[in-house]
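Presented below is the structure to which this report refers.
Counting begins at 1 with the first residue of the sequence.
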Amino acid sequence: MIEILNEAEVERAARTGRLVGTILQDLKARVRVGTDLLEIDSWAKAMILDAGATSCYVDYEPPFGRGPFGHYICTAVNDAVLHGKPYHYRLADGDLLTLDLAIITEGIAADAAISFIVGPTRDPRDEALIETTERALEAAIAVARPDARMGDISHAIGSVLTSAGYAINMEFGGHGIGSTMHQDPHVANDGRPGRGVRLRAGMLLAIEPWVMADTRTLVTDDDGWTLRSATGCRTAHTEHTIAITANGARILTLPAKQEAPAPETA
Ligand code: MG
């Protein structure tokens, strides 16, 4: 079933989304070379609970996971890309980190992800991976409006990823979102324009292009959660929750204030 939110509910979703975007921005600003992934998880926990929000992840127990996730944020480093379970690991200069966060406030969920490079050493190939997923997300948002089809969004994403030279994995993509984190419809990261679900004002979509540098094949860690590239290549993932409105797409998961300049690394 696809949920259609009324205007008051979209405003509630926007408050949840702003909190997601702000927490991700604040976490990014705190991350340094040497930060432990479990520290990021504890910071996320404090930020979520201080805001009176509920984590969508802690008790999340889908068929593919091994028991509840048990953490407040997904942390995926380098070859890890999706469902990255935090563990004791200190980030190194040049690591490519993805943070993925979903929470609920006022009964409405929002979900977003960012990828960024830790420390001053930046591999241009990693920058290209990140920039491509960001550009694919922008392209998808640009075509999201009432009466567009889901295939238009998928095609916009797939065109950017393919023309940048990346192979697309179709096992995991975006999703409807609303009173719960994962809902219909599925938002594939490639597809045919003019096909699929017709978009309507009041739909919330979590759109999430992700890529692996030289493969489309995933492998799962022994933790039953973390998905990484089969070849060990690096990966990137960018996600926003948007609302379809009469005027087009409204991005809900932007931070409350403009992103601050990247901090100097200690
Ligand atoms: Mg997400």
Side-chain angles (χ1 to χ4, degrees), residues 19-62 64-103 110-123 125-127 129-130 133-134 181 208 210 212-213 218-229 232-239 253 255 259-266:
L19 183 59
V20 169
T22 301
I23 290 174
L24 286 175
Q25 181 190 50
D26 290 350
L27 291 172
K28 179 180 176 182
R30 288 177 76 165
V31 168
R32 300 283 188 278
V33 173
T35 298
D36 194 298
L37 299 181
L38 293 174
E39 274 183 284
I40 300 174
D41 188 50
S42 66
W43 296 338
K45 175 182 180 178
M47 291 174 185
I48 292 166
L49 299 184
D50 285 353
T54 303
S55 168
C56 296
Y57 292 166
V58 171
D59 301 321
Y60 187 51
E61 194 170 6
F64 61 79
R66 187 175 300 164
F69 188 68
H71 295 273
Y72 287 78
I73 192 162
C74 293
T75 57
V77 182
N78 296 340
D79 57 327
V81 61
L82 298 175
H83 311 150
K85 190 166 178 165
Y87 64 103
H88 179 59
Y89 171 78
R90 289 194 180 281
L91 290 162
D93 183 21
D95 274 349
L96 196 168
L97 175 65
T98 298
L99 300 177
D100 191 343
L101 177 69
I103 59 176
D111 188 357
I114 54 173
S115 286
F116 59 95
I117 297 167
V118 178
T121 301
R122 306 175 66 85
D123 187 321
R125 292 168 298 183
D126 294 344
E127 291 180 314
L129 272 175
I130 295 168
T133 61
E134 292 172 346
M181 169 172 60
E208 44 184 321
W210 58 277
M212 302 184 276
L218 288 165
V219 291
T220 309
D221 272 12
D222 290 341
D223 67 13
W225 284 94
T226 307
L227 294 167
R228 51 183 84 239
S229 62
C233 71
R234 291 200 169 193
T235 69
H237 176 202
T238 303
E239 177 179 15
T253 41
E259 191 156 2
E264 295 300 314
T265 303

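The minimum heavy-atom distance between Pro86 and Thr75, with the atom names listed, is CA-OG1, 3.3 Å. In terms of heavy atoms, Ala80 sits closest to Ala76 at O-CB, 3.4 Å. Among all heavy-atom pairs drawn from Tyr72 and Asp41, the shortest one is N-OD1, 2.7 Å. Here the closest non-hydrogen pair linking Ile103 and Ala53 is CD1-CB, 3.9 Å.
For the atom pair CG (Asp221) and NE2 (His83), the distance works out to 12.5 Å, reported to the nearest 0.5 Å. Expressed to the nearest 0.5 Å, how far CG of Leu227 lies from CG of Asp79 amounts to 11.0 Å. Taking CZ of Arg30 as the reference point, atom CG of Asp26 lies at 8.5 Å (rounded to 0.5 Å). In this structure, NZ in Lys45 is found 10.5 Å from NE2 in His71, a value given to the nearest 0.5 Å. Going from atom CZ of Arg234 over to atom CG of Asp123 covers 7.0 Å, rounded to the nearest 0.5 Å.
You'll find the side chain of Thr98 stays beyond 4.5 Å of the side chain of Ile114, heavy atoms only. Using a 4.5 Å cut-off on side-chain heavy atoms (C-beta onward), Tyr57 and Asp111 make contact. No side-chain heavy atom of Thr133 sits less than 4.5 Å from a side-chain heavy atom of Glu239. Side chains of Phe69 and Cys56 form no contact here, defined as non-hydrogen atoms less than 4.5 Å apart. Side-chain contact check for Leu101 versus Ile48: some heavy-atom pair is nearer than 4.5 Å. Taking the side chain as every heavy atom from C-beta outward, Leu27 and Ile73 approach each other to under 4.5 Å. Ile40 places a side-chain heavy atom less than 4.5 Å from the side chain of Thr35. Between Tyr87 and Leu37 the shortest side-chain heavy-atom distance falls below 4.5 Å.
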TODO: Test side chain to side chain contact (heavy atoms under 4.5 Å, CB included) on Thr226 and Thr220 and set out the steps.
DONE: CA-CA 6 Å; Thr226 307; Thr220 309; over 6 Å; no
Open item on the list: Please determine whether side chain to side chain contact (heavy atoms under 4.5 Å, CB included) holds for the pair Leu97 and Asp95, giving the CA-CA distance in whole Å, both sets of side-chain angles, and the decisive distance to 0.1 Å.
Closed with: CA-CA 6 Å; Leu97 175 65; Asp95 274 349; 5.7 Å; no
- [ ] Might you work through the side chain to side chain contact (heavy atoms under 4.5 Å, CB included) test for Asp36 and His88, ending with a clear yes or no?
- [x] CA-CA 6 Å; Asp36 194 298; His88 179 59; 2.4 Å; yes
- [ ] Test side chain to side chain contact (heavy atoms under 4.5 Å, CB included) on Arg228 and Val81 and set out the steps.
- [x] CA-CA 5 Å; Arg228 51 183 84 239; Val81 61; 5.9 Å; no
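Listed for the Ser229 side chain is a donor-acceptor partner under 3.5 Å among the backbone atoms of Cys233. With hydrogens and angles ignored, the 3.5 Å screen pairs a side-chain donor or acceptor of Thr235 with a backbone N or O of Asn78. When atom types are taken as modelled, the side chain of Ser115 and the backbone of His237 share a donor-acceptor pair closer than 3.5 angstrom. Within the 3.5 Å criterion, the main-chain N or O of Leu96 finds no donor-acceptor partner in the side chain of Asp126.
If you check the side chains of Thr121 and Asp93, you find a donor sitting under 3.5 Å from an acceptor.
Taking a cutoff of 4.0 Å between a charged side-chain nitrogen and a carboxylate oxygen, Lys85 and Asp223 do not qualify as a salt bridge.
Applying the salt bridge (Lys or Arg N to Asp or Glu O under 4.0 Å) rule to Glu127 yields the partners Arg122; only residues at least two apart in sequence or on another chain are considered.
The side chain to side chain contact (heavy atoms under 4.5 Å, CB included) test with Met47 is passed by exactly one of Leu19, Leu24, Ile23, Thr22: Ile23.
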